[in-house]
There are 2 protein chains.
Amino acid sequence: MNEAIEKLGYVPNLAASRLASSRTHTVGVIVPTLYNVIFAEYLLALHEVLVPAGFQVIVVNSRYSEVEEENAIKALLGQRVEAVIIAGIHHTPLSRQLLKQAHLPVVETFELSDDPINLNIGMSQELAGQTATYHLITRGFQRIAFMTGNLDHRAQSRFDGYHTAMQASGFKSLELNSRMARHSSVALGSDLFAEMYLRGDLPEAIFCTDDNLALGAMQECRKRGIRVPHDISIIGFHDLEFAACAAPSLSSVATRRYETGMLAADKVLAALDGSNRNVEIQQIDMGFSLVVRESTAVAADGI
Amino acid sequence: MNEAIEKLGYVPNLAASRLASSRTHTVGVIVPTLYNVIFAEYLLALHEVLVPAGFQVIVVNSRYSEVEEENAIKALLGQRVEAVIIAGIHHTPLSRQLLKQAHLPVVETFELSDDPINLNIGMSQELAGQTATYHLITRGFQRIAFMTGNLDHRAQSRFDGYHTAMQASGFKSLELNSRMARHSSVALGSDLFAEMYLRGDLPEAIFCTDDNLALGAMQECRKRGIRVPHDISIIGFHDLEFAACAAPSLSSVATRRYETGMLAADKVLAALDGSNRNVEIQQIDMGFSLVVRESTAVAADGI
DNA sequence: GTGAAAGCGCTAACAT
DNA sequence: ATGTTAGCGCTTTCAC
C-alpha cells in the first residue's frame with residue numbers, strides 16, 4: 001500500500017473510512033490562543049502522547065470567547081472526535097450540554113472546576129495568586145500593584161487571590177491593567193509600567209500575571225534608572241524559560257502546563273483504550289510552586 | 001436546525017457530509033513548530049482570513065522533520081483538504097509528488113524556492129542574513145560571530161548570507177551554535193553567550209538568528225558587566241514585539257510573517273473560489289527590512 | 001416546490 | 001484464506 005499505491009498518487013479517503021468504521025482517531029483540543037508559550041508547551045505534550053498512539057489532534061483556538069468555543073465544540077463533535085480537551089472551565093450552557101451528551105471523554109484543564117464535565121486537570125489560580133502576593137507581603141511590602149493584560153478567567157482568579165491576600169493584610173489593591181484588551185507581552189509590560197511611572201505612583205512591588213509583563217516592566221525600570229529589586233520588587237507568573245536567566249533573575253510562580261498536557265492525553269488514551277468507555281468524574285490538582293529569585297527583595301526598614 | 005435540533009443534541013456528521021458532497025471546507029497548514037511566535041503570528045493571520053470564509057484550518061506540526069512533514073501531507077490529503085499551506089520549501093521527493101498530483105492549491109512560505117510547487121510567498125533568508133552582517137561590517141566591526149540554535153533551513157540560509165558577507169569583506173566566520181539541537185530561546189542565547197565568554201573569545205559583534213537568542217545574550221552581558229553596545233554590538237532577527245522595548249533596544253531584521261499568512265490565505269481563497277481551479281506557478285517576495293536600534297553601535301576607532 | 005433514491009469510498013460482516 | 005455485499009449519514013439528482 002505505502003510502496004506501490006501511494007507512489008502512484010493514491011491516498012485513501014479518510015472521510016469514507018471514518019464514516020464506515022465510525023472511528024475517527026482524532027481528538028479535539030481547544031485553546032484560547034496560540035499566541036502564548038503556555039499553550040504551545042501544553043499542545044506539545046498533547047501531541048507527544050496522542051500522535052504516537054495513532055491519534056490526530058485537531059487544535060482550534062477560541063480566541064478567549066465562549067461563543068467561539070461553542071462553535072469549536074460543534075465543529076469538533078461534528079467531526080466525531082473521540083475526545084475533547086479544553087483549556088478552561090467556563091463554557092456556555094449549550095457547550096456544556098453538548099459535551100455532556102456526546103458521551104466522550106472531556107478534559108477541562110488549567111483551572112479547578114466546581115462542577116467538572118468529567119475529567120478536570122488543573123490548579124487553583126486563585127491560590128497561586130494569593131501565594132505570589134503573600135510572598136511580597138511577607139517580604140515587608142505594602143504598596144503592591146497587580147499588573148495584567150486582558151483579564152481572562154485565569155488572570156481574574158489570580159487577581160482574586162491577590163485581592164484576598166491584600167485585604168486580609170489590610171492593604172489596598174492597586175490594579176494596573178490595560179484598558180484595551182491587549183494580550184500579555186513584554187511590550188505591554190513595558191507600556192503599563194511606563195504609564196504608571198508617568199502617573200507618578202510607583203508601588204514598592206508588582207505582581208504581574210505573566211512573566212512577559214514582568215520582563216517588560218523590568219526593562220522599563222532599567223531604562224528609567226529604577227533598580228530591581230533595590231527600588232522595586234517584581235514577581236511574574238508561569239516561570240517561563242527566560243525567568244531564570246533574566247537579569248536580574250525573575251521570581252515567579254511555576255505552573256505545570258507540560259505535565260498537565262501529558263496527563264490529560266494519558267487519561268484520554270486510557271479512557272479510549274479501555275473496554276469501559278464510561279469516564280467517571282475526576283479532578284486532579286497539579287499544584288504550582290513559588291520560585292524566589294533576585295527580582296524580589298526584602299523591604300528596606302522603615303518603609 | 002440550530003435552534004431546535006441542536007438543543008436536543010443532534011450534531012450532523014461531517015464525515016458523511018464531506019463524503020457525499022466531496023467538499024471538505026478545510027485547508028491544511030504545516031508548520032515546523034508551534035513553539036515559536038513567528039508561526040503563531042502566521043497562523044493567526046491564516047485563521048483570521050480562512051475561518052470567516054467558512055474554512056476550517058487543520059494545523060499539523062512537522063517538528064522540523066521532512067519525514068514527519070511527509071506523514072502530515074499524507075494525512076491532510078487523506079482528509080481531502082482543499083489546499084495546503086506549508087512553511088518551508090524543502091520536502092521529500094514523495095511529498096513534492098503527492099502535492100503536485102493532488103491538484104490543489106499549494107502555498108510554500110517563508111523562503112523563496114527555485115522550483116515552487118505552485119505558489120511561493122517568502123523572502124530571501126540569505127539576503128537578510130547578508131544585510132544584517134553588512135550592517136555590522138559597515139559599522140566597523142570585523143570579529144563578528146553568528147549565533148544560532150538548531151540550524152534549520154532558514155537559519156542555514158541566514159548563515160550562508162552571513163558567511164558570504166564575511167568572506168567578501170575578508171573576515172573570518174565565527175559560528176556559535178549549540179551542539180545539541182535546542183530551539184531558539186532566551187535561555188539558549190544566555191547559555192551560548194556564557195559559553196563563549198568563558199572560552200575567553202568575545203567578538204566585537206554578534207548576529208543572532210533570532211531575537212530571543214539576542215535577548216538572552218544581552219541579559220548575559222548585563223550579568224557579566226559587559227555593556228551593550230559599548231563593549232559589544234548585538235543584532236537579532238525577526239523584530240519580535242519586545243525588540244523595540246528591550247533595554248537597550250535591539251537592532252533586528254524585520255520579517256513579515258503576519259502579512260505572509262494573510263497573503264497565503266487570500267491566494268488560497270482566490271484559487272478555491274474562482275471558477276478556474278488551475279493555480280499557476282507564482283512567486284512573491286515579501287522582503288524584509290533592517291531595523292537599527294541601540295544595540296548596534298559604531299566601532300571605536302583603532303579597534 | 002417537496003419527496004424518494006442513488007451514491008460518495010470506504011469498513012465490516014458475511015459467504016464462499 | 002479470499003471475495004462479495006450491505007451500509008455508514010449525508011448530498012444531490014431526478015422524478016413527481
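Order of the sequence lines sets the chain letters (A, B, ...), proteins ahead of strands, with each chain counted from 1. On a predicted model such as this, the values are computed, not experimentally measured, just so you know.
Atoms NE2 (B/His25) and C1' (D/dC10) sit 13 Å apart, rounded to a whole Å. Rounding to whole angstrom units, CG of residue B/Leu14 and P of C/dC10 are separated by 19 Å.
The distance from atom CG of B/Asn13 to atom CG of A/Leu77, rounded to the nearest 0.5 Å, is 11.0 Å.
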Take B/Glu70 and B/Thr92 through the side chain to side chain donor-acceptor pair (under 3.5 Å) test and state the conclusion after the steps. CA-CA 7 Å; B/Glu70 185 181 299; B/Thr92 66; 2.6 Å; yes

Apply side chain to side chain contact (heavy atoms under 4.5 Å, CB included) to residues B/Leu34 and B/Leu43 and explain how you reach the verdict. CA-CA 9 Å; B/Leu34 292 172; B/Leu43 288 173; 3.7 Å; yes

Listed pairs, N/O of protein and of nucleotides 5-9 of chain D, under 3.5 Å:
residue	atom	partner	partner atom	Å
D/dC8	O2	A/Ala20	N	3.4
D/dG9	N2	B/Ala16	O	3.4

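Aromatic ring centres of B/Phe39 and B/Phe110: separated by under 6.0 Å.
When only modelled atom types and interatomic distance are considered, B/Glu66 and B/His90 share no side-chain donor-acceptor pair under 3.5 Å.
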